[in-house]
Amino acid sequence: MLSIEKQMLFLLTKKRSMHAKEFVQIYTKRGYKEQSIRNVLSRMKKEKYIHAEERSLYSIMDKGEQFLSFVNRKPRQSDADWNRKWTFVHFEVPEPQRQRRDQFRLQLLQLGFGQLYKGVYVSPWDYSKQLLSLIHAASMEDYVTISEASILFRDITPERAADIWPLADIHRLHQEKRQWYQDEFMPALDKEIRGGMDPLALFVLYLHLGEVISEISLQDPMLPLSLLPRDWIGHRVIAELHRSFQSFATLIPSSSTYYQFLV
């Protein structure tokens, strides 16, 4: 799913329904073309993430809310106590249903699972509720087994975790986003504050920051600290971005039409 699609779903969780023209007003300010915005809405409607209550008036569907719940839960896992249990997902899907298999695998990776062996994925966190929703939505009941267990032999160490999950790439992503935040985002925010704080301009910055947080959340499995390298900066970067994200509630006036998306 594209970042703009995830953001549109987020906006629809804050406001019961939105007209296409509202999305156009916001996202043309972000540099998108009007037709591409309408194409995104049409695609999400076709995939049943949203539906049209009437012409060009959209609201979110259960599938869209479920997707966002997967994304939003992961950052909170980094502070959770880990009981040393692992959740395993075993699946084998017939080749004629390859597209369904590939989509399910992508959803597992976005949820934070890593590939342990072919057809076997693992996570230190209990995602059974989310997994059951994914399985039912994809009609995969006949092909998937979920289990929870301790590993008795060849446990997953930090060194092995770095092979199961692309931690080196994710670490670079955190470094890049921290640099972007310091060198680009904060100067742009300071400029808007000094220039009079136009609500729409501030809201666009808010959405951009939310997009970066979402990108990190989809790629980072949010592993327990005991499985991460000593120089891992991910938790600090995410915490800093979230603090800045939440601060927009004090910057955008409560009288602004955009304030409703912040609370």
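All values reported here derive from a predicted model rather than from experimental measurement.
Geometric assessment of K14 against the ring of F261 yields a negative cation-pi assignment under the 6.0 Å and 45° thresholds.
L116 is listed as a side-chain neighbour of R160, based on a closest heavy-atom distance under 4.5 Å. Put simply, the side chain of Y121 does not reach to within 4.5 Å of the side chain of F88, judged on heavy atoms. Two residues are said to be in side-chain contact when any heavy atoms from C-beta on lie closer than 4.5 Å; I170 and W232 meet this criterion. Residues K177 and I216 are in side-chain contact: their nearest non-hydrogen atoms beyond the backbone lie under 4.5 Å apart. Taking the side chain as every heavy atom from C-beta outward, V89 and V122 never approach each other to under 4.5 Å. Within the 4.5 Å cutoff, the side chain of I146 has no heavy atoms near those of the H90 side chain. At a threshold of 4.5 Å between non-hydrogen side-chain atoms, the residues D220 and L173 do not count as touching. You'll find the side chain of Q110 stays beyond 4.5 Å of the side chain of R105, heavy atoms only.
Using the six-membered ring where Trp is involved, H242 and F245 have ring planes that are perpendicular, over 60° apart on the 30 and 60° scheme.
Note: Y127 OH to L111 CG = 5.5 Å, rounded to the nearest 0.5 Å. Atom-to-atom distance recorded for Q130:CD and S128:OG is 7.5 Å, nearest 0.5 angstrom. Between atom CD of residue Q107 and atom OG of residue S133 there is a gap of 10.5 Å, rounded to the nearest 0.5 Å. Taken from CG in L251 to OH in Y206, the straight-line distance is 11.5 Å, to the nearest 0.5 Å. Between the OG atom in S226 and the CZ atom in R84 there is a gap of 5.0 Å [rounded to 0.5 Å]. Of the inter-residue distances, the one linking L106 atom CG with L218 atom CG reads 9.0 Å to the nearest 0.5 angstrom.
For the residue pair E148 and T87, no side-chain donor N or O sits within less than 3.5 Å of a side-chain acceptor on the partner. No hydrogens or angles considered: nothing links the side chains of R43 and Y49 as a donor-acceptor pair under 3.5 Å. With hydrogens and angles left out, the side-chain atoms of Y27 and E34 include no donor and acceptor closer than 3.5 Å.
When atom types are taken as modelled, the side chain of S150 and the backbone of L152 share no donor-acceptor pair closer than 3.5 angstrom. Put simply, the side chain of S214 never gets that close to the backbone of G210: no donor and acceptor are under 3.5 Å apart. Distance alone, capped at 3.5 Å, places no donor-acceptor pair between the S42 side chain and the N39 backbone. Of the possible polar contacts, one joining the T28 side chain to the V24 backbone as a donor-acceptor pair under 3.5 Å is found. Listed for the S244 side chain is no donor-acceptor partner under 3.5 Å among the backbone atoms of L241. In this structure a side-chain-to-backbone donor-acceptor pair under 3.5 Å is missing from W180 to D183.
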Go through it in stages, so that I can follow the logic: the residues are R243 and E240, the test is salt bridge (charged side-chain N to carboxylate O under 4.0 Å, His left out), and I'd like the CA-CA distance, side-chain angles, deciding distance and then a yes or no.
CA-CA 5 Å; R243 283 194 299 270; E240 185 174 10; 5.4 Å; no
I'd like to know whether Y258 forms a ring-ring contact (aromatic ring centres under 6.0 Å, His included) with F203, so could you lay out the CA-CA distance, the side-chain angles of the two residues, the decisive distance to 0.1 Å, and finally the verdict.
CA-CA 7 Å; Y258 304 109; F203 187 60; 5.0 Å; yes
Applying side-chain contact (heavy atoms from CB on, under 4.5 Å) to V144 and V93, what does each step give before you reach the verdict?
CA-CA 8 Å; V144 182; V93 182; 5.9 Å; no
Report the C-alpha distance between L12 and M18 in whole Å, list the side-chain angles of each, state the deciding distance to 0.1 Å, and finish with yes or no for side-chain contact (heavy atoms from CB on, under 4.5 Å).
CA-CA 7 Å; L12 286 171; M18 291 180 65; 3.9 Å; yes
Could you go through I26 and Y32, starting from their C-alpha distance and side-chain angles, then the distance that decides it, and tell me whether this counts as side-chain contact (heavy atoms from CB on, under 4.5 Å)?
CA-CA 9 Å; I26 292 169; Y32 291 93; over 6 Å; no
Evaluation steps, side-chain contact (heavy atoms from CB on, under 4.5 Å), between I233 and R236
CA-CA 6 Å; I233 63 171; R236 296 196 303 275; 2.9 Å; yes
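Summarising the local packing, CD of Q99 is surrounded by 12 or fewer heavy atoms from other residues, nucleotides or ligands at distances under 6.0 Å. Applying the 6.0 Å contact sphere to CG of D62 captures no more than 12 heavy atoms from other residues, nucleotides or ligands.
Across all non-hydrogen atoms, the minimal contact from R38 to S56 is NH1-OG, 4.5 Å. Between I60 and G64, the closest heavy-atom pair is CD1-C, 3.7 Å. The minimum heavy-atom distance linking W82 with P124 is given by the pair NE1-O, 3.0 Å. Contact record, K29 with V204: CG-CG2, 3.3 Å, taken as the closest heavy-atom pair. Across all non-hydrogen atoms, the minimal contact from G112 to P221 is O-CB, 3.5 Å. The two residues K63 and E47 come nearest to each other via the heavy atoms NZ-O, 3.0 Å.
Checked options Q97, E92, R101; the residue passing with Y143 is Q97 (criterion: side-chain hydrogen bond (donor to acceptor under 3.5 Å, both in side chains)).
At a threshold of 4.0 Å, the pair R30-E211 counts as salt-bridged, since one of the basic side-chain nitrogens sits closer than that to a carboxylate oxygen. Ion pair E22/K15 flagged as a salt bridge, since at least one NZ, NE, NH1 or NH2 atom sits closer than 4.0 Å to an Asp/Glu carboxylate oxygen.
In the hydrophobic cluster analysis, where Ile, Leu, Val, Met, Phe, Trp and Tyr join through side-chain heavy atoms closer than 4.5 angstrom, Y58 is grouped apart from M61. In terms of hydrophobic clustering, with Ile, Leu, Val, Met, Phe, Trp and Tyr side chains grouped at heavy-atom distances under 4.5 Å, L57 and I50 are assigned to different clusters.
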